[in-house]
Amino acid sequence: MNLPPYIQPVDATHVRYRGRRLVYFGGCDYYRLARHPKLLKAHARASARDGLGTGASRMTTGNHPAHDALEAELKKFFGSATATVIGDGYLANIALGQALGSCSRPFDGLFIDEHAHVSLRDASQFIGCPTTTYRHCDAADLAKRLAKRKTTRRLLLVTDGVFGATGRIAPVAELARGLPRGATMWIDDAHGAGVLGARLRGTVEHVSPGGLGGCEVIQSTTLSKAFGSFGGAILGPAWLRKSLLEGSGIVTGSSSLPAGYATAAGIAAEMLRSRPGLAKRLRRNTEFVAAELRRVGRAFVDSGFPVVSLDCPERGSAMKLRRRLLAGGIYPSCIRYPSEKKGAFFRFAISSEHTRPQLESLARALEL
Ligand SMILES: Cc1ncc(COP(=O)(O)O)c(C=O)c1O
């Protein structure tokens with residue numbers, strides 16, 4: 001299998017593809033902060049001062065004031081007891097798996113959503129305890145499987161907060177209700193963080209603002225989607241930070257996040273906190289597209305998340321939709337993961353920066 005042809009960004013909402021300037025609904029840069037002049041300038045200034053890379057892990061000589069500053073901002077943003085910055089979101093999950101697998105109170109049962117992100121599936125192998133896969137977002141199936149388990153003293157549930165391919169939001173409150181007291185829920189909020197919830201803290205704030213009862217929550221995320229930069233982070237209780245520093249090979253053996261990205265991510269988080277207009281625009285745009293698709297009878301996961309995903313397993317129908325999108329001046333964002341059996345799907349991510357005419361042209365192209 002070859003890599004797909006490359007696309008060249010032109011501005012916040014356009015790309016150049018095969019010689020044409022097209023409206024872009026790909027990727028996960030929900031506020032288009034990756035091109036924000038303030039962030040680009042901060043990144044360039046920090047890189048000029050501190051270098052492109054740190055050249056070492058945080059546990060050796062790669063610790064930098066920009067990491068501390070970003071962690072302080074993330075603690076404020078998420079309201080978490082601790083924040084630990086890691087090289088990227090995938091690595092953050094691996095680091096978390098390493099830490100949870102080596103902590104002093106080991107887990108003896110792990111339950112994971114069947115569609116969990118590949119990084120979570122990889123990371124769960126570090127936990128070193130029996131693993132059970134439950135049906136996608138299905139709290140009843142989880143309950144059935146929990147009832148069958150042999151005695152579990154310390155239980156870990158692992159799920160994406162938002163499933164990025166479809167925009168489906170995990171029913172975290174229902175899942176938590178079925179768990180024994182004192183269980184831990186690990187939510188990979190790569191998509192939900194910065195997008196969902198009154199303070200943009202992510203899936204739990206959106207689904208269950210009062211928290212998840214007796215369930216301990218650990219959140220991992222990327223800084224490359226809503227935050228427009230690069231990097232990963234883990235938010236959680238104090239014991240977790242200690243376990244990460246003491247038990248993760250990523251923290252000791254992988255180069256730390258470059259200062260430019262750390263600085264830009266911190267500014268992005270501060271911008272999202274202080275400029276509610278950004279999130280308001282994203283919600284308005286999401287609701288507009290959803291209302292248009294409902295009006296024309298197009299079936300989609302109508303979760304309120306800014307992603308529209310359409311399965312297109314047959315080549316003929318995929319080609320037809322591709323032609324319609326191109327005729328409407330839209331980049332045909334078709335995805336096919338080599339490891340997945342379900343075939344191709346089109347995924348459209350709505351951003352706060354798309355204009356009303358751009359959103360209208362997307363809705364028109366998706367009319368049945
Ligand atoms: C749910 C989820 N987790 C983790 C990651 C990995 O994040 P990163 O791209 O920062 O490595 C992604 C990236 O697409 C993701 O969608």
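Index from 1, following the sequence. Note that ligands are numbered from 1 as they come in the structure, with each ligand's atoms numbered from 1 the same way.
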When you group the ILVMFWY residues by side-chain heavy-atom contacts below 4.5 Å and let the links chain together, are Y331 and L326 in the same group? yes

Do me a favour and list the nearest non-hydrogen protein atom to atom 16 (O) of ligand 1 with residue, atom name and distance? H191 NE2, 2.9 Å

Indicate yes or no: does an N/O atom of L91 lie under 3.5 Å from an N/O atom of ligand 1? no

Ring-face cation contact, W239 with R154, 6.0 Å cut, 45° max: yes

Heavy-atom contact check, 4.0 Å cutoff: does G164 meet ligand 1? no

If you count heavy atoms of other groups shown closer than 6.0 angstrom to OH of Y261, is the number above 12? no

Considering heavy atoms of the protein only, find what lies nearest to atom 13 (C) of ligand 1 and give residue, atom and distance to 0.1 Å. K225 NZ, 3.1 Å

Other residues, nucleotides, ligands: >12 heavy atoms within 6.0 Å of R35 CZ: yes

Protein contact to atom 6 (C) of ligand 1 [nearest heavy atom, distance to 0.1 Å]: Y90 N, 3.4 Å

Determine whether E71 and R241 make a side-chain contact, defined as any pair of heavy atoms from C-beta on separated by less than 4.5 Å. yes

Atoms of ligand 1 close to T222 [distance to a heavy atom under 4.0 angstrom, numbered from 1]: 7 (O), 8 (P), 10 (O)

Counting only heavy atoms not in R294, do more than 12 fall under 6.0 Å of its CZ? yes

Establish, yes or no, whether the cationic atom of R273 lies under 6.0 Å from the six-membered ring centre of F77 and within 45° of the ring axis. no

Are side-chain N/O atoms of H117 and Y90 paired as donor and acceptor at under 3.5 Å? no

Suppose I only count heavy atoms of A190 and a 4.0 Å limit; which atoms of ligand 1 are within that range? 1 (C), 2 (C), 3 (N), 15 (C)

Would D188 count as being in polar contact with ligand 1, using the rule that some N or O on each side must be under 3.5 angstrom apart? yes

Tell me the protein heavy atom at minimum distance from atom 12 (C) of ligand 1, and give that distance in Å. H117 NE2, 3.4 Å

Numbering as shown, the atoms of ligand 1 that approach S224 to under 4.0 Å (heavy-atom distance): 9 (O), 10 (O)

Can you check whether Y31 reaches K225 side chain to side chain, under 4.5 Å on heavy atoms? no

One finds that the ligand 1 atoms under 4.0 Å from a non-hydrogen atom of D88 are 10 (O), 11 (O)

When you measure from atom 8 (P) of ligand 1 to every protein heavy atom, which one gives the shortest distance, and what is it? G89 N, 3.4 Å

Does S119 have a heavy atom less than 4.0 Å from any atom of ligand 1? yes

Near D160, which atoms of ligand 1 are under 4.0 Å from a heavy atom of that residue? 1 (C)

